[in-house]
Structure formats: C-alpha cells, structure tokens
Amino acid sequence: MIRKLLKRLPSPFGRPAHRRTTPAVIPASQHSLKRNQISRNAVTVVERLQQAGYQAFVVGGCVRDLLLDLDPKDYDVATSATPEQVRATFRNSRLIGRRFKLAHVFFGREIIEVATFRAGHSEDQEAGRDQSLQSESGRLLRDNVYGSLEDDAQRRDFTINALYYDVTRGTIHDYVNGVQDIRNQRVRLIGNPVQRYQEDPVRMLRAVRFAAKLDFEIEPHTAAPIAELAELLYDIPAARLFDEVLKLFLGGQGERTFDLLLEYDLFAPLFPDTDEAIDEQPEYTLKLIRQALRNTDQRINEGRPVTPAFLFAALLWPALPQRTRELESQGIPLIPAQQQAAHDVLIEQCRHTAIPKRFSVPLREIWDLQPRLERRQGRRADQLLEHPRFRAAYDFLLLREAAGEQTDGLGQWWTEYQDASPEHRRRMIQQLSAGDAPRKRSRAPRKRKPRSGAAS
C-alpha cells in the first residue's frame, strides 16, 4: 500500500535542502550564542571528549533555541567517540537504546545525552543487523551506522536541528544552511522528504511541533507529502506515539499544534475515534478540544501544573456519545452503556497511543464523576467534595458547558456550593429536594353539611 502511494507522489516532493560538502564555520563574532549560556555540564562533557582526542560539539535543539533567545529543555552532544568510548571516558555514564544506541552522562538530576556521529543508509550498504535494520515500508528499526561529522549533519532531520557549536572556539558548524532557515523562520527537512518520512514517520509530527513551538512555517517541499504519508503513523508503536502526543500538546502551544495536525491530516492516526466525532459533530467537538488546549496552554505558560489525564479526558470525550448510542440500541440501559462505552473508547485509543494506567485511571474517574455531579441530594454533595478527583471533574464540567453542553446551570451550582457556608449549603440541598418532591394534588375545600336540628 505504501509503495503504491509513494509512486503516486510527484517528484518535486523530493527536492532536498542545499547540501554542502564543507560546513559554513560561523565565528563567535557573527552569532549571538555564548559559551556561558550553555550548561556547565554539557561544556564539561565536550571538553573532556576533546581532551581525549575525539571531536565533540553541543548540537541540536539547544543550539537552535539559544540562537532564538529561548531556554533549552536539555543539552545534547555529538561526538566521533563510539558509545563504548564515551562510557570509558565517563564513569558517571551508561549506555541506552537498541534502535539508536547512545550514552547518558549523569550530573545529579541533569543528564547530558551523547550520540556518536551517524551516517546515512544506502541500499548497497553491507551493515550487520545490529547496526542497521529497516522495515518493508522503509522505517528505520535500527540506526547505529557511524560516520563523520558531515555524515551526521546530513542524516539529521531538520536543518534548524543540525547546528554544531564548538565550546572551545565558539564557532558554529553549519552544513545545511540551518542558520539561514532560523533567520527565515522555516522548518525544512534535510534530504528527500518522502524517504526521510519513510525512515521515521514521527518526523511529520516533529515538523508540526517545531512549527507551532517556534512560530515558524513548514517549508513547502517539506510539507507537501505529509497528508499523503500520514497513514505511516499507524505502524509506529503506541507507546512512542503517547510520548509524542505529550510533546505535541504539553509544550505551551497545544491549540496551534492541534490546528496544524488537522491541516496535515495527522490527527486521525493519533485519535481516530475523536476524528470521527469531529466529522459528525464538528462545532461542539472542535470547541471543546480547543478550549481544553487553550486552558492547558495558559496553565503551562503561567508555570502551573497540568495532568495528561485531564487532557486525554477532553480529547476522547467527544467519542463517547456515539459509542453509547450504539450500545443503547442493543438494549443496554443508559448508565451501563456509558460505562461500557468509556471502557471501549479507552481500549481502542490505547491501540494508537498507549495511555499508562497512572493516567487512564484518573481519566476514567473524571468521566465517571460527570453523572454523579448531577446527583446532589442528601449527603452526596459533601461526599463528592471530598473525592480526590472532584476538582478535576468540576473543571471538566465547566469545560463541557463552555463547549455548549446544556446542564441546567450545574456548573454554577457547584461553583456556589464550594464557597457557601454550611447553612447556605443546607438551604441549597433543601431547595433541590423541594424541587424534586412530587407535588400534591390540590383539592377544593369541602362544604360542610348543616347539622340536623340547627337553628335556622
């Protein structure tokens, strides 16, 4: 299927980024990056590797972010040393990975990731299966073919991530015009886009994430094949896609990321049931998801905590009504149908993004509390206030109302009840009970019959 799809793709998709055989070496006087901006531990790793006779550079997203005056999330080092040689140089390190072997050097809580220069993969390459392995669709299952600095630059994914900073000389080595693409605010894939997406379909998600995070445009030839190749994501392990979803939606630009995923048909492979709900009820579904992402972005940018459980609850909630109706049509009562629908939706979603139990359990609790928030008589309201998931369930109720669900003022009732005095709470409960009590039929007053023998 994929091979037929690739044959249909027009040739302009394959236009690569400009290839240089020698790097543009940008001196310290011509860029804004300074050595003292970089983690001292990353500098230490680079210097010790250089002193041991290896080439070593700070590389990737940290260089890009520092050139954009952003705070890097972490620091990576690229070197000519093999993982085993890195391990021999640093006692505080260990080797990880099989698909992509590298070394982690530990400095307390900070981890400096050290990767050996990689080379590209050619069809006539006689590498062992422990070095290089590809699936039938072209996806790299193992990537441990080592090469030179130039090889490493050409096999990285995007030009803006292929910049090498030498902490000793203060120079930036640029083989792919990455500095120019940063200045022009564009995300450009290195090499033939179709082949690079085949090697790792997650690169399509990364293109969207960088565009949203940096407020860049995806370069046209990089963007062109994405919608056609989106189905390659169905072959990616669900656990890896879960990690990618967290990066997509918990970076502070979730709403913009969501719009780009829809634009490039990348949302359906991640959330197929929700994508169907968008087709069936677009106004409500899109409003709920965008509001949830907008709230999440605001909390992240204000430095407040967020939980993936709440976000996944919002992303999957629109898929529940259709599944519930299907079960009801089979004769299952409403409440059991809702519970079964929630179970089925989660099971199906985990086939695409493997949600760990530490998030799926609170997600189910948020959902299960929604109908319970309607039942407030007696002591139920106070018992719900003590539930550990009450606040998340209450926030989720407000989210549903903001998206247009009609709840007869349920959200306002709970807002008032939380801040009310004990006496006011009792009156609120009494009003509910009075409103629910069956009305007595009014009777006309009976006329008394005159007593016999009474005076007239």
Side-chain angles (χ1 to χ4, degrees), residues 1-21 59-61 78 97 99-101 115-129 131-163 174-178 181 186-211 216-237 240-241 244 260-261 264-266 269:
M1 176 65 181
I2 296 300
R3 295 185 186 279
K4 292 180 180 179
L5 179 65
L6 295 177
K7 289 179 180 179
R8 297 202 307 267
L9 294 173
S11 58
F13 289 175
R15 184 182 299 177
H18 179 64
R19 182 185 180 95
R20 306 178 65 101
T21 56
V59 67
R99 171 183 173 272
F100 190 96
K101 186 185 292 186
T116 304
F117 295 152
R118 255 66 172 184
H121 298 256
S122 60
E123 294 183 358
D124 59 350
Q125 193 170 35
E126 296 181 358
R129 289 175 62 87
Q131 295 178 300
S132 175
L133 184 63
Q134 289 182 278
S135 69
E136 291 185 1
S137 64
R139 182 161 61 94
L140 284 178
L141 303 177
R142 200 159 299 150
D143 184 13
N144 294 307
V145 179
Y146 303 137
S148 65
L149 171 59
E150 179 188 349
D151 293 331
D152 193 72
Q154 297 297 339
R155 60 150 295 282
R156 287 185 175 267
D157 51 7
F158 300 100
T159 61
I160 59 176
N161 294 338
L163 300 175
D174 181 4
Y175 282 89
V176 292
N177 291 334
D181 282 338
R186 62 190 174 200
V187 178
R188 182 198 299 271
L189 200 63
I190 299 171
N192 183 307
V194 172
Q195 180 183 350
R196 300 312 303 278
Y197 292 143
Q198 270 190 286
E199 290 174 352
D200 187 1
V202 169
R203 286 172 179 151
M204 295 182 281
L205 300 179
R206 286 169 59 82
V208 163
R209 177 158 60 88
F210 291 138
F216 281 14
E217 294 293 328
I218 302 179
E219 185 268 336
H221 295 283
T222 298
I226 291 179
E228 292 285 349
L229 297 177
E231 67 178 51
L232 290 171
L233 290 170
Y234 287 107
D235 293 331
I236 300 299
R240 187 181 179 200
L241 285 186
E244 291 300 323
L260 288 173
L261 290 174
Y264 292 107
D265 294 338
L266 293 171

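Owing to the predicted nature of the structure, the values given are computational and were not obtained by experimental measurement.
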Nearest atoms (heavy-atom pairs only) where Gln154 meets Arg196: O-NH1, 3.6 Å

Look at Asp181 together with Arg186 and state whether they make a salt bridge at an N to O cut-off of under 4.0 Å. yes

Smallest heavy-atom separation, Gly178 atom then Ile160 atom, equals O-CG2, 4.1 Å

Taking all non-hydrogen atoms of both residues, which atom of Ala211 and which atom of Leu260 are closest, and how far apart? CB-CD1, 4.0 Å

Could you tell me whether a side-chain N or O of Asp174 sits under 3.5 Å from a main-chain N or O of Leu163, the two making a donor and an acceptor? no

The reported gap from OH in Tyr146 to NZ in Lys101 (rounded to nearest 0.5 angstrom) is 5.5 Å

Considering all heavy atoms, the nearest Pro269-Ala230 contact: CG-O, 3.7 Å

Student check: side-chain heavy atoms of Met204 and Leu233 closer than 4.5 Å: yes

Is the backbone of Thr222 close enough, under 3.5 Å, to the side chain of Tyr197 for a donor and an acceptor to pair up by distance? yes

Backbone N/O of His221 and side chain of Glu219: donor-acceptor pair under 3.5 Å: yes

Do Leu205 and Leu261 have side-chain heavy atoms sitting under 4.5 Å apart? yes

Sequence neighbours left out, what passes salt bridge (Lys or Arg N to Asp or Glu O under 4.0 Å) with Arg206? Give chain and number order. Asp157

Is the closest side-chain heavy-atom distance between Tyr264 and Val208 below 4.5 Å? yes

Which residues pass the side chain to side chain contact (heavy atoms under 4.5 Å, CB included) test with Ala162, not counting sequence neighbours? Arg156, Val176, Ile190

Once ring-ring contact (aromatic ring centres under 6.0 Å, His included) is applied, do any residues pair with Phe158, and if so which ones, sequence neighbours excluded? Phe210

Ala119 and Asp151: which non-hydrogen atoms are nearest, and at how many Å? CA-CB, 3.8 Å

Nearest heavy-atom neighbours spanning Ile218 and Ala207: CD1-O, 3.9 Å

Quick check: do Ser148 and Phe117 have side-chain heavy atoms less than 4.5 Å from each other? no

Student check: side-chain heavy atoms of Thr159 and Tyr175 closer than 4.5 Å: no

